[in-house]
Amino acid sequence: MNKIKGVTLTLKKCGTIPIEVDGVLPEFVLGRKVHEICSMKINVGKEKVDLGDVFEVKCDGDEALIFEGDMNHVKRIGELMSSGIIIVRGSAGMHLGERMNGGTIYVDGDIGARCCCEMRGGTVVVNGDAQAMLGSPLPGNTKGMRGGTITVFGSVGTRTGEGMRRGVIAVLGDAGDFAGVNMIAGTIVVFGNLGSNAGGGMKRGSIIALGGVEKILPTFLYACTYKPTYLRLYFNYLRNFGFPVTDDLFKGSYQRYIGDVSSLGKGEMLILEKP
């Protein structure tokens, strides 16, 4: 990613006042001149300011939109993104990738809470941790992620994939409690430890636990232990992202639980048996 050239936005000064960059997207920035980009409006706290007042802008190509600096207080990176590439060289704040429907976002560090809410398509790759409510519904809504792929190479917080309708969330580390609550469909794969009460209220979909489960809800019923061949498709797909897919995952046996029987009850939780 370091060799990719594009438009680089470097934060001039780190602070605690939230900066919102919704509308600063590859489709609107790439190919434009520096002074045009600098004149774009963004929100800093309650004020609207020129982007050039907050970021230094450098153009050396049109391959990607690149954010550099301490972005922990920079929110809404890639919101409503439909195409292109965004690279965040560091961590990013809340609402990254919110309602995006195409393109790819790469984050070298961690991301804040409520990222990828109601995501419809595209790909988000996070090389650090993600805070709570990744791919969840926005406040007041019930349906979360609608499509696309999220890969996290660290751990994730609580309520990951809440209300998930379609798509894939893959986590190399651990997942907090209540992952996949109220899932309608889609797939969550956790290579580390899956927290308590995963899948509460889920109607359909799959939660795949490869590193153990903290606690299974009593409304999930044991069905069988078997070797699901369809998992090969997911593992081959995730291997392309760099996940450590071993022969144990392909050849292992999985305990299958169905639930949540307090809801529609057509979801499943697959737990890899340890050799």
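These numbers come from a predicted model, not from an experiment. Along the sequence shown, the residues carry numbers beginning at 1.
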Run the salt bridge (charged side-chain N to carboxylate O under 4.0 Å, His left out) check on Arg114 and Glu98 step by step: do they pass? CA-CA 8 Å; Arg114 291 196 182 277; Glu98 184 174 293; over 6 Å; no

What closest approach, in Å, do Val261 and Ile258 show between heavy atoms, and which atom pair accounts for it? CG1-O, 4.2 Å

Aromatic contact, Phe153 with Phe243 (centres under 6.0 Å): yes

Just checking, any donor-acceptor pair under 3.5 angstrom between side chains of Asp177 and Thr158? no

Would you say Glu273 has more than 12 foreign heavy atoms packed within less than 6.0 Å of its CD? yes

Counting only heavy atoms from other residues, nucleotides and ligands, does the tally under 6.0 Å from CD1 of Ile17 exceed 12? no

Phe220 side chain reached by Asp260 side chain, heavy atoms, under 4.5 Å: yes

Can you tell me how far OG of Ser82 sits from CZ of Arg99, rounded to the nearest 0.5 angstrom? 13.0 Å

Sequence neighbours left out, what passes side-chain contact (heavy atoms from CB on, under 4.5 Å) with Thr10? Give chain and number order. Thr8, Glu56, Glu68

Got Ile77 and Val88 here, is their nearest side-chain heavy-atom distance under 4.5 Å? yes

Less than 3.5 Å apart, which donor and acceptor atoms pair up between the side chains of residues 178-205 and the rest of the protein, not counting sequence neighbours?
| residue | atom | partner | partner atom | Å |
| --- | --- | --- | --- | --- |
| Thr187 | OG1 | Tyr234 | OH | 2.9 |
| Asn193 | ND2 | Glu214 | OE1 | 3.1 |

NZ/Lys12: more than 12 non-hydrogen atoms of other groups inside 6.0 Å: yes

Taking all non-hydrogen atoms of both residues, which atom of Asp22 and which atom of Asn43 are closest, and how far apart? OD1-ND2, 4.5 Å

Could you tell me the separation between the CE atom of Met119 and the CG atom of Leu96, rounded to the nearest 0.5 Å? 9.5 Å

Rounded to the nearest 0.5 Å, what separation is found between the OG atom of Ser136 and the NZ atom of Lys143? 15.5 Å

Do Ile87 and Ile85 have side chains that approach each other closer than 4.5 Å (heavy atoms only, starting at C-beta)? yes

Enter the distance from Thr151:OG1 to Asn240:CG here, rounded to the nearest 0.5 Å. 11.5 Å

Is it true that Glu268 and Arg256 have a side-chain N and a carboxylate O under 4.0 angstrom from each other? yes

Applying the side-chain contact (heavy atoms from CB on, under 4.5 Å) criterion to Cys116, which one of Val126, Ile169, Thr160, Val124 satisfies it? Val124

Approximate separation, where rounding is to 0.5 Å, of Ile105 CD1 and Thr123 OG1: 9.5 Å

Find the distance between CD1 (Ile271) and NZ (Lys274) and round it off to the nearest 0.5 Å. 11.0 Å

